[in-house]
Amino acid sequence: MSDANGTGEEKPRGLDFIRQIIKDDLDSGRVQQVVTRFPPEPNGYLHIGHAKAFSLSFSVTEEFGGICRLRYDDTNPEKEDEEFVRVIEEDIRWMGFEWEGEPRHASSYFGQFYDWAVELVKAGKAYVDHQSPAEIIENRGTPTIPGINSPYRDRSEEENLEILEKMRSGELDEGACVLRAKIAMDHVNILMRDPSMYRIRKETHHQTGNEWCIYPMYDFAHGYEDAIEGVTHSLCSLEFENHRPLYDWFIENVSVPHRPHQYEFARLNLTHTIMSKRYLRKLVEENYVHGWDDPRMPTIRGMRRRGYPSTAIRKFIEEIGVSKVNSLVDVEFLNFHVREELNRKAQRRMAVLNPLKLTITNWPEGKIDTFTAENNPGDPDAGTREISFTGELWVEQDDYMDEAPRKWFRMAPGKEIRLKYAYYVTVNDAVRDDSGEPVELLCSYDPESRGGDTPDGRKVKGTLHWLSCHDAVDAEVRLYDHLITLEDVSKVEEGKEFLDYVNPESEIIVSNAKVEPALAAAVPEERYQFMRSGYYVADSADHVPGEKPVFNRIVGLRDSWAKIARKG
RNA sequence: UAGGACGUCGGCAAGCGGUAAGCCACCGGGUUUUGAUCCCGGCAUUCGCAGGUUCGAUUCCUGCCGUCCUAGCCA
């Protein structure tokens, strides 16, 4: 596509640092086959930030001939649920990826984790601590003040083993104690100041039921999960950089079957988009949106319902690249990729969002004319369809102005325009309501201009879309805009919270739109270009073919008139 | 006044000691029965700043500045 020099050669983009590392490891023989994993916690819906992460892990193995697994990081029974598992799998598949084998569960390794915890205790590298959470925090110190050793830090191996077994067997209450790694309370990295390994939680786990009442912490478990699965490159986001020494410490102090390595890259941030699970949940629970699949949500389900093709999302992710720079990507860049794909693939149709009656006063009574319309001017294989034309039409309200500004190509008193595929038409008069607003345009047409050209070769600047009143179909069209008005959602002003930036006009329901008869038969999730307007998708939930057409605007067309109008 | 990471065009992002790729945005122009698409052209004498090494530095070294991450019995 960017083969601008015409030689057939294109300078390839350099490998990103992750791919470079993998290539080097493969070239040097350090690893034979690259193995990655995508480890979501089953406690919510996946969003485009997750999509960036799993696209990387999956793509890298496709490119280098490795394997990528799906693993649920279900080490905390409190907020997790089986319900999310199905959704996660469906979303990943919709994005076009397939994991190796059956999905794994961190919870299925609980027995092994326990054995390794015992191994650490026996090596004098872990201990049971009875300090309260508050005491533990108190004694952890700060970035500049070293922590203080727990009074339980040096008890005997036998005692530790005995209490750990009591923790496991359920003899101890929640919060009574935790198992901690014995590293160093004065470590410069606070995460290394004797991190917790196990906490007691008497909660039913969605996979292991009541088998366990102690649950491993992320740092203790994650590297082991990778080790068990033979993961070579454990990719995660930048905020885990500080965790890497811990990841390595747990692996190095126990007899693991394999030595994985963690690499961190920058997570995705998009303008006008919140990615925090907590806030997304809030939007749903407090009814700012209609659900996790609301077309305004950045969840994969939301984007799917909005009509974004997964291939366009993938192209976008590919194009923004992978680096360690904390960046903020313009959401318009995503929209660019959506338009680019839809321009190639979406069939064109005519639809009038805000109908204004146009009557051709010199049209022969009862005559119906028929024209052949291209389904996609850029793709002859897309074929054609028949559209019919009469003297009573619907046109777009916005295409008429009583007093036209300079450079206005569209309808105005006395101005001649072309109705796409049909005829040249001139506005002669307007019927108005009590407030003076035009409710019907009275026009004359030039019979010589059939098909959109005249024998005398005269030109018109404007070509407008239209619908014939006799066969136009009523439809509901939903228009979407940024859910959050704030460009950089990390820059919430003092005294405000992000909910103050929810855009009240992010969803506009147009209930009296008119569409081509061909659109009534659209299949849910089918995408079209409404000419001169934008790209739309038949809603997956509410559109009923042949009965109730409902379309969502995916993204508008580029609008250079808006730019001209703005400049005056 | 801790440790770690990161700073290349308005936004992403290549560059790996030999004299600043690409994409988006933006600005011009052309084609067009979608003011869409498409096509052509423009858009960093400069790489956070200051020194140093070198024939030569965005690339190596030193110092400074800025941003982000870290003190859950969350992940």
Side-chain angles (χ1 to χ4, degrees), chain A residues 1-2 4 10-16 20 39-41 43 73-76 78-80 129 131-133 136-137 140-147 174-180 187-193 195-201 214-215 217-219 221-222 236 238-245 264 266 271 277 319-330 332-333 335-337 339-340 343-344 348 350 374 376-378 407-410 418-422 451-453 459-465 490 529-534 556-565:
Chain A
M1 199 155 305
S2 48
E10 186 179 336
K11 190 179 174 188
R13 173 206 275 240
L15 294 179
D16 59 64
Q20 188 62 250
E41 182 183 15
N43 70 346
D73 212 355
D74 55 351
T75 56
N76 184 354
E78 282 173 36
K79 3 180 239 179
E80 296 162 6
D129 193 349
Q131 291 183 102
S132 68
I136 288 181
I137 289 169
R140 185 152 24 225
T142 70
T144 50
I145 302 168
E174 274 192 23
C177 55
V178 290
L179 183 69
R180 290 231 258 171
H187 202 287
V188 288
N189 183 341
I190 297 176
L191 295 171
M192 295 289 274
R193 319 243 259 228
S196 298
M197 293 165 57
Y198 271 119
R199 75 279 210 183
I200 301 170
R201 281 289 170 279
I214 54 172
Y215 290 93
M217 301 289 290
Y218 170 87
D219 287 308
H222 204 87
C236 63
L238 241 33
E239 60 263 39
F240 289 99
E241 256 172 340
N242 297 329
H243 295 245
R244 184 161 15 107
E264 313 85 13
T271 57
K277 212 173 264 181
E319 201 114 325
I320 56 174
V322 179
S323 75
K324 302 191 73 154
V325 184
N326 263 308
S327 59
L328 178 64
V329 178
D330 194 335
E332 285 311 311
F333 194 42
N335 286 336
F336 162 78
H337 287 283
R339 284 192 195 99
E340 186 178 63
N343 176 51
R344 279 185 285 109
R348 269 107 263 219
M350 293 201 277
E374 304 162 288
N376 186 338
K407 299 180 188 165
W408 176 258
F409 297 170
R410 287 117 91 153
R418 171 166 44 225
L419 292 176
K420 177 84 181 173
Y421 297 120
D453 282 304
K459 301 288 183 198
V460 289
K461 295 290 267 283
T463 300
L464 310 181
H465 61 280
S490 72
Q529 182 196 89
F530 289 180
M531 296 190 73
R532 304 207 311 125
S533 173
L557 252 27
R558 286 190 64 205
D559 185 359
S560 58
W561 164 246
K563 218 175 289 176
I564 295 166

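From a predicted model like this one, the values you see are computed outputs, not experimental measurements. Chain naming here is simple, since letters A, B, ... match the order of the sequence lines and numbering starts at 1 in each.
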Taking the same atom, C1', in B:C55 and in B:G17, what whole-Å distance lies between them? 12 Å
Check: protein-nucleotides 36-38 of chain B nitrogen or oxygen pairs below 3.5 Å:
residue : atom : partner  : partner atom : Å
B:A36   : OP1  : A:Ser560 : OG           : 2.8
B:U37   : O2'  : A:Asn343 : ND2          : 3.0

Consider the side chain of A:Lys420, meaning its heavy atoms from C-beta on, and name the nucleotide among B:C12, B:U34, B:A71 that approaches it most closely. B:U34
Separation of the C1' atoms in B:C69 and B:U62, to the nearest angstrom: 26 Å
Applying a 4.0 Å non-hydrogen cut-off, can you work out what A:Phe336 is touching in the nucleic acid: base, sugar-phosphate, or nothing? sugar-phosphate
Close N or O pairs between protein and nucleotides 29-32 of chain B (under 3.5 Å):
none

Is the phosphate of B:G35 approached by A:Arg410 (side-chain N or O, under 4.0 Å from OP1 or OP2)? no
Which nucleotide sits closest to the side chain of A:Leu328: B:C26, B:C12, B:U34? B:C12
Decide yes or no on side chain to side chain contact (heavy atoms under 4.5 Å, CB included) for A:His243 and A:Glu264, but give the supporting numbers first. CA-CA 10 Å; A:His243 295 245; A:Glu264 313 85 13; over 6 Å; no
Any idea how A:Phe336 and A:Phe333 line up, ring-wise: parallel (<30°), tilted (30 to 60°), or perpendicular (>60°)? parallel
I'd like to check A:Met217 versus A:Arg199 (side-chain heavy atoms, cut-off strictly below 4.5 Å). Are they in contact? yes
Measuring only the C1' atom in each nucleotide, how far is B:G10 from B:A25? A whole number of Å is fine. 7 Å
Between B:U45 and B:G52, how far is it from one C1' atom to the other, in whole Å? 23 Å
Closest to the A:Ser327 side chain, choosing from B:C12, B:U1, B:C27: B:C12
For nucleotides B:C65 and B:C12, find the distance between their C1' atoms and express it as a whole number of Å. 24 Å
Could you tell me which nucleotide pairs with B:C38 by Watson-Crick or G-U wobble geometry, both distances under 3.5 Å, or answer none if nothing does? B:G30
Any A:Arg532 side-chain heavy atom under 4.5 Å of A:Thr463 side chain: no
Check the interface with nucleotides 3-10 of chain B: list each N/O to N/O pair with the protein under 3.5 Å, or write none.
residue : atom : partner  : partner atom : Å
B:G3    : N2   : A:Asn242 : OD1          : 3.3
B:G3    : N2   : A:Asn242 : ND2          : 3.4
B:A5    : O2'  : A:Glu241 : OE2          : 3.2

Has A:Tyr421 got a side-chain atom pairing as donor or acceptor with A:Glu374's backbone, closer than 3.5 angstrom? yes
B:G35 pyrimidine/purine six-ring stacking with A:Phe409, under 5.5 Å and 30°: yes
For A:Ser560, what residues pass the side chain to side chain donor-acceptor pair (under 3.5 Å) criterion, not counting sequence neighbours? none
Rounding to the closest angstrom, what is the interatomic distance between B:C68 and B:G35 at atom C1'? 43 Å
Do A:Asn76 and A:Asn43 have side chains that approach each other closer than 4.5 Å (heavy atoms only, starting at C-beta)? no
What I'd like to find out is whether the side chain of A:Arg180 reaches to under 4.5 Å of the side chain of A:Gln131, using heavy atoms alone. yes
Where the chi angle of B:G28 falls, syn if within 90° of 0 and anti if not: anti
For B:U1 and A:Thr144 - does any side-chain N or O of the residue sit under 4.0 Å from the phosphate oxygens OP1/OP2? no
Parallel, tilted or perpendicular: rings of A:Trp408 and A:Trp561 (30°, 60°): perpendicular
Pick base, sugar-phosphate or nothing for A:Ser323, based on heavy-atom distances below 4.0 Å to the nucleic acid. sugar-phosphate
Pick the C1' atom in B:C60 and in B:C27, then give their distance to the nearest Å. 39 Å
Polar atom pairs between nucleotides 73-75 of chain B and protein, under 3.5 Å, N or O only, would you list them?
residue : atom : partner  : partner atom : Å
B:C73   : OP1  : A:Arg140 : NH2          : 3.3
B:C73   : OP2  : A:Arg140 : NH1          : 3.4
B:C73   : O2'  : A:Arg201 : NH2          : 3.0
B:C73   : N4   : A:Gln131 : O            : 3.2
B:C73   : N4   : A:Gly175 : O            : 3.3
B:C74   : OP2  : A:Arg199 : NE           : 3.0
B:C74   : OP2  : A:Arg199 : NH2          : 3.2
B:C74   : O3'  : A:Arg199 : NH2          : 3.0
B:C74   : O2'  : A:Asn76  : ND2          : 3.0
B:C74   : O2'  : A:Lys79  : NZ           : 3.1
B:A75   : OP1  : A:Thr75  : OG1          : 2.8
B:A75   : OP1  : A:Arg199 : NH1          : 3.1
B:A75   : OP1  : A:Arg199 : NH2          : 2.8
B:A75   : OP2  : A:Tyr218 : N            : 2.9
B:A75   : O3'  : A:Asp73  : OD2          : 2.9
B:A75   : N6   : A:His243 : NE2          : 3.3

Considering residues at least two apart in sequence or located in another chain, which fulfil the side chain to side chain contact (heavy atoms under 4.5 Å, CB included) criterion with A:Pro245? A:Asn189, A:Met192
Whole-angstrom distance between B:A20 and B:C16, as gauged at atom P: 13 Å
